[in-house]
Every structure is written in structure tokens, then in C-alpha cells.
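First the proteins, then the strands, lettered A, B, ... as listed; each starts at 1.
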Amino acid sequence: MTAENTPKRSNFITDIIDEHLENGRFDRVHTRFPPEPNGYLHIGHAKSICLNFGIAQDYGGLTNLRFDDTNPITEEVEYVESIQADIRWLGFDWDDRLYFASDYFGQMYTYALQLIRQGSAYVCDLTAEELREYRGTLTEPGRNSPYCDRSIEENLDLFQRMKAGEFPDGSRTLRAKIDMRSPNLNLRDPVLYRILHAHHHRTGDEWCIYPMYDYAHALSDSIEGITHSICTLEFEDHRPLYDWCLDELGIFHSQQIEFARLNLTYTVMSKRKLLQLVREGHVSGWDDPRMPTLSGMRRRGYTPEAIRTFAETVGVAKAHSIIDMELLEHVLRDDLNTRSPRVMAVVEPLKVIIDNYPADGEETFPVPYFPFDQENSPTREVPFSQELYIERSDFMEDPPGKFYRLAPGREVRLMNAYYITCTGVVKDENGEVVELHCTYDPESRGGMSPDGRKVRGTLHWVSARHAINAELRLYDVLFNLPNPYDAPDGGDFKDNTNPDSLQVVKDAKLEPGLASAVIGESYQFMRQGYFCLDAVDAKEGARVFNRTISLVDTWAKLQK
RNA sequence: UGGGGCAUGGUGCAAUGGCAGCACAGCGGACUUUGAAUCCGUUGAUCCAGGUUCGAAUCCUGGUGCCCCGGCCA
């Protein structure tokens, strides 16, 4: 390891690694990302992925992708595929280092035999319930299993017969012989193997005994030569067992390091809770754009770059924390801002008739997609005609002082087109404004008046005759509270779901060029927000856009 | 005295015995053919009490608060 490999960003983990490199414990950095294929990846996993791959990159090291598939009952190939797709999408590559804990079942079994021969493990016949009883409590020590003193020969015989399938599920376990009086419950002769006559998505019916997490994880890390095994805080208590397995076997010893998992305001982050939202129909699926899953965020219009920046920005530490959703939104907007072409779309249309414009007249304006970089920006022609749509919220009949959009007698600029002045308001029988009459100033073509007079408001618009219709899906946070778990007594997080988290607009009016919008691209609907085609429903031919995130709306804030 | 961990502005992360800083949020202003972006300015913090030291967010002692652990889940 040389000086030029020294990372710029440092945290408590890189401190530990630096020390290891200095004192010679390791001369390289090799990490792993070890998901269990029992669900979809979420933004919390993204933090871990960015951490593991990022740190290895910083040190010129490697990162493995390893599926921790030791529990056949909960795991499925569907998940191993989606997980790989999500990691790739995020921008990380494990080259040919794709592994499965199940790849090592044979080797782990051999190691278990070794533990038995060393007198460090025994076959226990206690039932699950008895075992719980023998384990003791948080404050009281446990008691030795009546089976802990079986002979090595008997243990060997029994364990081999466990593997051979002679015993039913739950009848026996292989346990580490450590210390039933340890204040750390994980060390009270933890189960290493359980009997599970279940079909495994990779090994099929080859095995009917499966290793437990603590044993399998430590050995997998060791087998792969992982130097730094980075996991979340709840495994701190497991580290002594992790170390025990490796020390007892005398094999390569990885260092486990724990960090605080990511939490975000206004959402939940556990697979179990997310699964509930899916199952109970609060969302349309794992990839619902409101979900904090990577597949949901991708569909929503998040970019991998934004998520990576976010992961870096939140930092890493051991203190439990909850990140403001606003920080995520900030990095998202920041990324989208530089990459999204500017287009015009009216979310809630209000018809405007330009009385002094020829009824059958028509013209187009050249408008750059990237107004902030006109030199290099591609341009399209935007059609204009007598009847237009503007945003309903851009007109007020009786505006407050700070409102500088359209109002009776008020002049505003139609972006890139003309200045118009409101001369008439048409209402229906309920008093609702249905149509506006305006006049335009032909001298202001392009959006600038030769006399240099200023207009305060600049509105987006679309030509009624040329507009295309689209469905817009406007998203808001999934929960009403920063902390969804903050539920009244007897309630739970689902009581805090936001009933307005999805608003569907059926008849938005878009500029015609958007007919050729592409899935996977982000567009800024000017003065509204960033939108993208819904990769699922737009595929069916429907014109459906997701609002990834609104623009910062100072005016809305002012109104409060 | 079960064990393990954590405490720095509203939020998150730095400062590794030597000027408490950065980002987001907030507030104010400039600019603006997006009430966006950009730019400028600004409010605001070391859990408490002792101790060591010329000097403590950092080291020591004692408190307080919060989180995790009693799956044959991971």
C-alpha cells in the first residue's frame, strides 16, 4: 500500500484499516457485500454497497459479491437476480467474484468435523424450547446442555448422520462448546448447524443441514480472504463468536467492523416492514416509486450518481442516526439539474385565448433544451397558437401582494414567446375560472420587449392545438411523520401512511416534442420538477410520467 | 453493577490534547426569460459533574440519556 492510495475521505473504518496496513496485520484491502437473497435491496443497502466497494476502491483493493444463502426457506432466485441488477445499476462491479455461501457448504462441513474432533462442538438433542430454557436470560447465566459431554466419536457419528438425513427437522443441532455462563448470549453454546429438510435454490436437496449465520459468515469471509468484514451495529455482540470460529479453526482471520445503518425520515427501511407495505397493498410492489428500494427509486427517476453522492454525503459512524429526507432530495435535484433537458408541460391546465392573435395563426419558437448552456444546447421548435394552456396556479383573480404571475390587467411573459396581458376572465356557473382572455404584444416575440420594460412573471405554456396529453404521477412521502414508528398506543407504522403519497393527474398537457421521450431519461418540466417516463407503464404504450422530485418551491413556502 | 455500543447546532458528519468546521435545513440579500439554479451573507452545537493539563469535544473518574442482545433468522 502506497501513499497515493491514501483515500481523501476518512472515517473510523479507514482509521482502522490504516492501522492494519501500518502494523502489518494486512497488506491489502478486500471487502465483500453479503446480502441474503430474501428481498429487494433498498437505499440502506446502497450505503453498505458504496461503503464496501468504495473503501476497497480507495485502497486499490477488491470487493466480492457474496450471497449469504444459508436459509433455504426464505431465499429465492428472483432475489439473487434483482440484487445483482440493482448493484450493477448503482455502478459497481464485482468482476468474476460472485460467490455464494452455499458454495462453501462442503468446506464448512469439513471445518465442523474439525471442531468436533477438537472437542469444540457437540451434537445437542435439546428441543428449541428446551434450548431456550437452558440458555438462561439476559441477567441469569445458562446451564450446560445434558449433551455437551458426549464423546468425540459419538458427536462425529451423530453429526454425520444429521447430514445423512437420518433425523427430522429440529431434532438435533450442532453447537459450539463455549460458555453457557457467558454474559454475551451469543457465546452460550450457539447453534452452528440446524437440520432443515428444505430445497435450496442452488444446492437443491443435497443438504439437509444448514450452517447458521455466525458460523457461515465467519468462514465465508475467511475462505475468500476478506480482510475487512463490514456490517451493521446489531452484530457487535456477534463479533466474539465470529472471532471464536476463526480462532478455533486457526484459519485466516478477517476483521469484522460495525457501522450504523442508514435511516431516513418519512420512510421505513427494514425488509420486513417494506414487505408488509407490499403485501397489504399500501404500495403497488417492491418497485413502487414511493418505496425506498433501489428498484423503486430507479423507477421514480433517481440516478445512480445521486444515490452514490448521497451515500458519501451521509458519512459513516457508529452513532444511530436518522438522515433528513431533504438531504436525499438535495443531492437528487443537484444531479438532475445538470443532466435534465428543460421542457414545458402544464400539470393543471387553464385555457388562455389570445384575442389579438389570428385564430388560424401558428408559428414556432426555437428553444434550447439547456438554457444555461445555449452555446452547446440542442434546440427544438415549440409551436405557438391562439389558444394555449397555462398552469391554473399561475393565475389569480385577486392576487396577494407577493404574487407576480398572471392576474386581470397584469402582464406576464410566456417563456420564450410573447408578453401577454390578461383582459378577461370566463367562469362557469360555479364561479370557477374556466378560460382567460389575453392580448399579446407582437413586439415582444421571443420573450423580450424592445422598449426594455420589465415583466416580473414568466410562465410556461403549451399550445392547445399541439399539446399532447399525458398521465402524471405526483409522489409525496410515504409517511406523514418524520419517524413513522411514532405511532399512538396500539397502532403501528402503517397508521402513519400518507394518504396523499400518490396523486394521479390524468390530463396534463405537454409540449409535442415530449412524444419522443425516452425511458430512462430525466426531463425538467420547467417550474414544476423533474419527470421521467414510468418504465413499467410507459412500456405498454401509455404516456405516463413519474415526478421524480419537484423543484424547490419558494412561492409555496411563502404562502404558508 | 447482566453484556455490548453510542452521545458535537434542527439533521448528519468532521476536528485523532492546540482557533469547534463542512453539508443539508433555516433566515436575509443579489441575480434571474424557471419564485429553479447560481452567488453573497447569516442564526445555531461539544449530555451532566468533577479531575489531569499551560491547554480537553478529545484523556481519567462518576453520573445521565438513548440503542442493541434471551431465533434451530440474517
Side-chain angles (χ1 to χ4, degrees), chain A residues 9-12 15 34-36 38 68-71 73-75 124 126-128 131-133 135-142 169-175 182-188 190-196 209-210 212-214 216-217 231-240 258 260 262-263 265 271-272 313-331 333-334 337-338 342 344 367 371-372 402-405 412-417 419 446-448 455-460 482 524-529 550-558:
Chain A
R9 294 288 273 212
S10 78
N11 54 54
F12 82 98
D15 287 350
E36 184 190 12
N38 69 344
D68 215 339
D69 56 348
T70 56
N71 185 357
I73 293 165
T74 57
E75 299 156 7
C124 181
L126 255 23
T127 64
L131 196 152
R132 193 181 320 128
E133 194 186 311
R135 185 158 32 226
T137 68
L138 291 177
T139 52
E140 303 158 39
D169 288 3
S171 58
R172 290 178 219 268
T173 56
L174 181 73
R175 293 225 264 160
S182 170
N184 180 348
L185 287 304
N186 296 116
L187 262 21
R188 317 243 259 231
V191 172
L192 265 22
Y193 271 90
R194 76 282 214 186
I195 301 173
L196 241 36
I209 56 172
Y210 290 91
M212 296 287 289
Y213 164 84
D214 291 293
H217 206 91
C231 63
T232 44
L233 247 30
E234 66 269 28
F235 293 106
E236 273 183 315
D237 287 343
H238 294 241
R239 186 169 4 108
E258 311 86 7
L262 174 70
N263 292 292
T265 55
K271 280 187 205 169
R272 226 178 63 90
T313 306
V314 299
V316 50
K318 296 195 70 157
H320 295 279
S321 60
I322 305 174
I323 309 290
D324 264 343
M325 184 64 87
E326 285 165 316
L327 179 60
L328 213 210
E329 295 181 340
H330 167 79
V331 300
R333 288 191 181 104
D334 201 40
N337 179 42
T338 61
R342 269 55 171 176
M344 292 196 287
V367 182
F372 52 85
K402 292 276 192 184
F403 185 87
Y404 52 80
R405 277 111 97 143
V412 298
R413 168 169 39 232
L414 293 180
M415 206 175 271
N416 294 299
Y419 290 0
M448 211 49 125
V455 288
R456 192 71 199 275
T458 301
L459 313 185
H460 60 281
Q524 189 197 89
F525 290 5
M526 277 197 284
R527 305 207 305 133
Q528 288 292 344
S550 66
L551 256 32
V552 170
D553 193 346
T554 307
W555 168 240
K557 215 179 300 173
L558 230 88

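- In B/rG71 the O4'-C1'-N dihedral to the base is within 90° of 0, which defines a syn nucleotide.
- As a whole-Å value, the separation of A/Glu329 CD from B/rU11 P is 18 Å.
- Between the A/Arg333 side chain and the A/Ser550 main chain, a donor and an acceptor come within less than 3.5 Å of each other.
- When the P atom is compared between B/rU61 and B/rG28, the two are found 48 Å apart, to the nearest whole Å.
- Rounded to an integer number of Å, the gap from A/Arg405 CZ to B/rU34 P is 13 Å.
- Taking the P atom of each, B/rC60 and B/rG17 are spaced 12 Å apart, rounded to whole Å.
- Nearest-nucleotide mapping onto RNA chain B: of A/Glu326 and A/Val455, the residue sitting toward the 5' end is A/Glu326.
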Letter per nucleotide, 5' to 3', of nucleotides 67-74 of chain B [B base touched, S only sugar-phosphate touched, - untouched; heavy atoms, 4.0 Å]: SBBBSBSB
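- The nearest whole Å value for the distance from the CD atom in A/Glu140 to the C1' atom in B/rU1 is 16 Å.
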Show me the protein contacts with nucleotides 36-41 of chain B, counting only N or O atoms at under 3.5 Å.
from	atom 1	to	atom 2	distance (Å)
B/rA36	OP1	A/Thr554	OG1	2.5
B/rA37	O2'	A/Asn337	ND2	3.0

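- With P as the reference atom, B/rC69 and B/rG44 are 40 Å apart, rounded to whole Å.
- Comparing the same atom, C1', in B/rU52 and in B/rG2 gives a spacing of 32 Å after rounding to whole Å.
- B/rA23 and B/rG41: their P atoms are spaced 11 Å apart (whole Å).
- The aromatic rings of A/His238 and A/Phe235 stand perpendicular to each other, their planes meeting at an angle above 60°, with 30° marking the opposite boundary.
- Pairing for B/rA37 is absent, judged as Watson-Crick or G-U wobble with the two contacts each under 3.5 Å.
- Atom pair A/Arg456:CZ and B/rU34:P shows a separation of 11 Å (rounding to whole Å applied).
- With contacts defined as side-chain heavy-atom distances shorter than 4.5 Å, the pair A/Asn186/A/Pro240 does not qualify.
- The closest donor-acceptor contact from the side chain of A/Asp237 to the backbone of A/Asn184 lies at 3.5 Å or more, if one exists at all.
- Two residues are said to be in side-chain contact when any heavy atoms from C-beta on lie closer than 4.5 Å; A/Arg175 and A/Leu126 meet this criterion.
- The CG atom of A/Asn263 sits 11 Å away from the P atom of B/rC13 (whole-angstrom rounding).
- Looking at A/Leu328 and A/Ile323, their side chains never come closer than 4.5 Å, going by heavy atoms from C-beta outward.
- Rounded to a whole Å, the CG atom of A/Leu187 is 14 Å from the C1' atom of B/rG2.
- Side-chain contact check for A/Gln528 versus A/His460: some heavy-atom pair is nearer than 4.5 Å.
- In this structure, B/rA20 makes no Watson-Crick or G-U wobble pair, since no nucleotide meets both defining distances under 3.5 angstrom.
- With a 3.5 Å ceiling on both atom-pair distances, the Watson-Crick or G-U wobble partner of B/rG62 is B/rC48.
- Applying the Watson-Crick and G-U wobble criteria (two distances, each under 3.5 Å), B/rG2 pairs with B/rC69.
- Within the 4.0 angstrom heavy-atom criterion, no nucleotide atom of any strand lies near A/Phe525.
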Verdict with supporting geometry, A/Glu36 and A/Lys271, salt bridge (Lys or Arg N to Asp or Glu O under 4.0 Å): CA-CA 11 Å; A/Glu36 184 190 12; A/Lys271 280 187 205 169; 5.1 Å; no
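- Heavy atoms of A/Val316 sit under 4.0 angstrom from primed sugar atoms or phosphate atoms, though from no base atom.
- Residue A/Lys402 is in base contact, counting any heavy-atom pair closer than 4.0 Å across all strands shown.
- Summarising the base pairing, B/rG26 is matched to B/rU42 through a Watson-Crick or G-U wobble pair whose two defining distances lie under 3.5 Å.
- Contact record, A/Arg413 with A/Gly447: NH1-O, 2.9 Å, taken as the closest heavy-atom pair.
- In the set B/rG35, B/rU34, B/rC13, the nucleotide with an atom closest to the side chain of A/Met415 is B/rU34.
- Between the C1' atom of B/rC22 and the CG atom of A/Leu327 lies a distance of 12 Å, rounded to the nearest Å.
- Nucleotides B/rA14 and B/rG63 are separated by 29 Å at their P atoms, to the nearest Å.
- Comparing the C1' positions of B/rU34 and B/rC47 gives an interatomic distance of 46 Å, to the nearest angstrom.
- Comparing B/rU42 with B/rC6, their C1' atoms sit 32 Å apart, to the nearest whole Å.
- Annotation: side chain of A/Asn38 is not in contact with side chain of A/Asn71 (no heavy-atom distance under 4.5 Å).
- Judged purely by atom type and a 3.5 angstrom limit, A/Arg188 uses its side chain to pair as donor or acceptor with the backbone of A/Ser182.
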